[in-house]
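Chain naming here is simple, since letters A, B, ... match the order of the sequence lines and numbering starts at 1 in each. From a predicted model like this one, the values you see are computed outputs, not experimental measurements.
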There are 2 protein chains.
Amino acid sequence: MSIQGAASKSEQAYAAIKDKILNGDYSPGYRLVLAKLADDLGFSVVPVREAIRRLEAESFVTFERNVGATVAGIDPTEYLYTMQTLSIVEGAATALAAPLIGAADIERARAINTRMRECLVDFDPVRFTELNAAFHSVLFESCPNPHILDLVHRGWNRLKALRSSTFSYVPGRARESVAEHEALLVLLENHAPADDVERAARAHRAATLEAYLAHSRHDAPASLAGLN
Amino acid sequence: MSIQGAASKSEQAYAAIKDKILNGDYSPGYRLVLAKLADDLGFSVVPVREAIRRLEAESFVTFERNVGATVAGIDPTEYLYTMQTLSIVEGAATALAAPLIGAADIERARAINTRMRECLVDFDPVRFTELNAAFHSVLFESCPNPHILDLVHRGWNRLKALRSSTFSYVPGRARESVAEHEALLVLLENHAPADDVERAARAHRAATLEAYLAHSRHDAPASLAGLN
DNA sequence: ACGTACGAAATCGTATACGATCAGTATGTG
DNA sequence: CACATACTGATCGTATACGATTTCGTACGT
């Protein structure tokens, strides 16, 4: 008579493990042993195995035959490639969403941006990051192409996983970011051409990436140049 | 002592089923029954199940809990969304690859394009389609961002699956296509700015989509407008 | 002391068995 | 006759068991 959870055990396992990775409970390099996970979760190995393979497909973990799974490492270039990919798909998503974004959406986004500005003076990087995600979500969530939307979600997820270990909040950048958000909103309000919206959205993320690179003195792979 | 196949059975199953879907042996709507597949392949249900879930993740099949898997339908809008997504990621991939494309690559691509022109007079749509894939492959395969490259591959795969049932070769379009290929090669030869390459590559696919729409008299979802 | 061969422990890969769930059909009731 | 309900067959979901593979420590020979 108990309320049957609609989720199968493999899905529960998937969600649980993914959560722990995103929260940083399982750090990169951590070895995920099927039997142990199954024991901890109270499930059998089969659904856990399925969950692991799914996480592998989304590259949260790496998997080696007859060896097992480990939480995916944070290769710095991985972060860069993820950002670059996200800048492209998110730019497109925002451009596609633009005609469908109404005044109410813009107002909502602007309110979020205002709160971000407050975080700036209170110096609250964590909240700032959360709000930033919310802001962009308002903009691209109306994208009518489900495939692109899916790619954007994956990108953000991946980014969150990467950041959980290397949280980087570049101080000077945050202020610029808020200003760029406002500029983006103005474009949307005025129903600017899709091309312009896309360029702006893409450049916004590219600028974040540049700031990160400059701040952490990474060498950017040459491949990152030339597309923003 | 037998040479152990390096591939696990789940991978073999994955490859086999995917192949049959791409070849059209399993048409859209075909019901994939675990027990039957396992029996046919000579494996047990567990690896087959894993293969199915993987195919689901790449949306070759749809899966419903306690009901089973069916080969993904060919919702016409699905084709459109796939093409649109591909135009975006392939455009980006080509632009990123541009600086790494050497004279040899261009020559190779041009040779392929020449053979495509021959297919035009011989009227050989099947071969034309194959060569077309090879042509674009030469261009984007040098893309240094592995994530984007992966997205392009997925898009082409998905397209192939969709086309296997609705093969569409728009006669007039093929000729334009060859011309656009040549134009793209000229851009690459002259080391045109990445933006221009991206725009051209994206427009090339968008034009194919437009031609398809015009030819088959589909109603384009409004969402497709404005991004090319 | 070093490299190699061997063996044990750990871990994954798959087969089989059985319980759970769903769609469709037959049956009972107003 | 319409509708709700119980049954049945098909199929999936998971647990358990066992074989296959890798890894790593250890003993042995040089």
Enquirer: Expressed in angstrom and rounded to an integer, what is the separation of B/Glu56 atom CD from D/dC12 atom C1'?
Expert: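 Rounding to the nearest Å, CD of B/Glu56 and C1' of D/dC12 are 13 Å apart.
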
Enquirer: What I want to check is whether the side chains of B/Glu58 and B/Tyr14 have a donor and an acceptor closer together than 3.5 Å.
Expert: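 The criterion, which ignores hydrogens and geometry beyond distance, is satisfied for B/Tyr14 and B/Glu58.
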
Enquirer: Within this structure, what is the CD-to-P distance between A/Gln12 and D/dG13, rounded to whole angstrom?
Expert: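 Result: 14 Å.
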
Enquirer: Checking contacts here: which listed nucleotide (C/dA15, D/dA15, D/dG13) is nearest the side-chain heavy atoms of A/Phe43?
Expert: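 Nearest to the side chain of A/Phe43 among the choices is D/dA15.
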
Enquirer: If only side-chain N and O atoms of A/Lys36 are considered, is one of them under 4.0 Å from the OP1 or OP2 phosphate oxygen of C/dA10?
Expert: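 For C/dA10, neither OP1 nor OP2 has a side-chain N or O of A/Lys36 closer than 4.0 Å.
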
Enquirer: A/Ser8 and A/Glu11: side-chain donor and acceptor closer than 3.5 Å?
Expert: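 Checked: A/Ser8/A/Glu11 side chains pair up, N/O donor to acceptor below 3.5 Å.
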
Enquirer: Among the candidates C/dT14, C/dT11, D/dA15, find the nucleotide nearest to the side-chain atoms of A/Val33.
Expert: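 The answer is C/dT11.
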
Enquirer: Base, sugar-phosphate, or nothing: which does B/Val67 touch, judged by heavy atoms less than 4.0 Å apart?
Expert: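 Touches sugar-phosphate only.
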
Enquirer: Looking at A/Ser10, does any N or O in its side chain come under 4.0 Å of the phosphate oxygens OP1/OP2 on D/dG13?
Expert: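 For D/dG13, OP1/OP2 do not have a side-chain N/O of A/Ser10 under 4.0 Å.
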
Enquirer: Between B/Leu34 (CG) and D/dT14 (P), how many Å, whole number?
Expert: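 My rounded result for the distance is 12 Å.
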
Enquirer: Identify whether the distance between the nearest side-chain nitrogen and carboxylate oxygen of B/Glu64 and B/Arg31 falls below 4.0 Å.
Expert: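 A salt bridge is absent here (no side-chain N lies under 4.0 Å from a carboxylate O).
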
Enquirer: Over how many whole Å does the gap from B/Leu37 atom CG to C/dA15 atom P extend?
Expert: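 Result: 14 Å.
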
Enquirer: Categorize A/Arg31 for me: base, sugar-phosphate, or nothing, with a 4.0 angstrom heavy-atom threshold over every strand shown.
Expert: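 Sugar-phosphate contact only.
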
Enquirer: Please classify the nucleic acid contact of B/Val46 as base, sugar-phosphate, or nothing, using heavy-atom distances under 4.0 Å.
Expert: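 Base contact - B/Val46 has a heavy atom under 4.0 Å of at least one base atom.
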
Enquirer: What is the distance, to the nearest angstrom, from the CZ atom on B/Phe63 to the P atom on D/dT11?
Expert: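 Rounding to the nearest Å, CZ of B/Phe63 and P of D/dT11 are 13 Å apart.
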
Enquirer: What is the distance from CD of B/Glu64 to C1' of D/dC12, rounded to the nearest Å?
Expert: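 Going from CD in B/Glu64 over to C1' in D/dC12 covers 12 Å.
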
Enquirer: May I have the distance from A/Asn66 (atom CG) to D/dG19 (atom P), rounded to whole angstrom?
Expert: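 Those two atoms, CG and P, are 16 Å apart.
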
Enquirer: Can you check whether A/Ser44 has a side-chain N or O nearer than 4.0 Å to OP1 or OP2 of D/dT14?
Expert: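 No, because none of the side-chain N or O atoms of A/Ser44 sits under 4.0 Å from OP1 or OP2 of D/dT14.
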
Enquirer: A/Arg205 pairs by side chain to side chain donor-acceptor pair (under 3.5 Å) with which of A/Glu90, A/Glu210, A/His136?
Expert: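 Exactly one pass, corresponding to A/Glu90.
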
Enquirer: What does B/Ile52 touch in the nucleic acid at a heavy-atom separation under 4.0 angstrom: a base, only the sugar-phosphate, or nothing?
Expert: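 Result for B/Ile52 = nothing.
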
Enquirer: Here's a test for you: under side chain to side chain contact (heavy atoms under 4.5 Å, CB included), which of A/Leu55, A/Thr70, A/Val67, A/Val71 qualifies with A/Thr62?
Expert: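 Single pass found, and it is A/Thr70.
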
Enquirer: Send over the distance from A/Arg49 CZ to D/dT14 P, rounded to a whole Å.
Expert: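 Spelled out: CZ on A/Arg49 to P on D/dT14 is 15 Å.
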
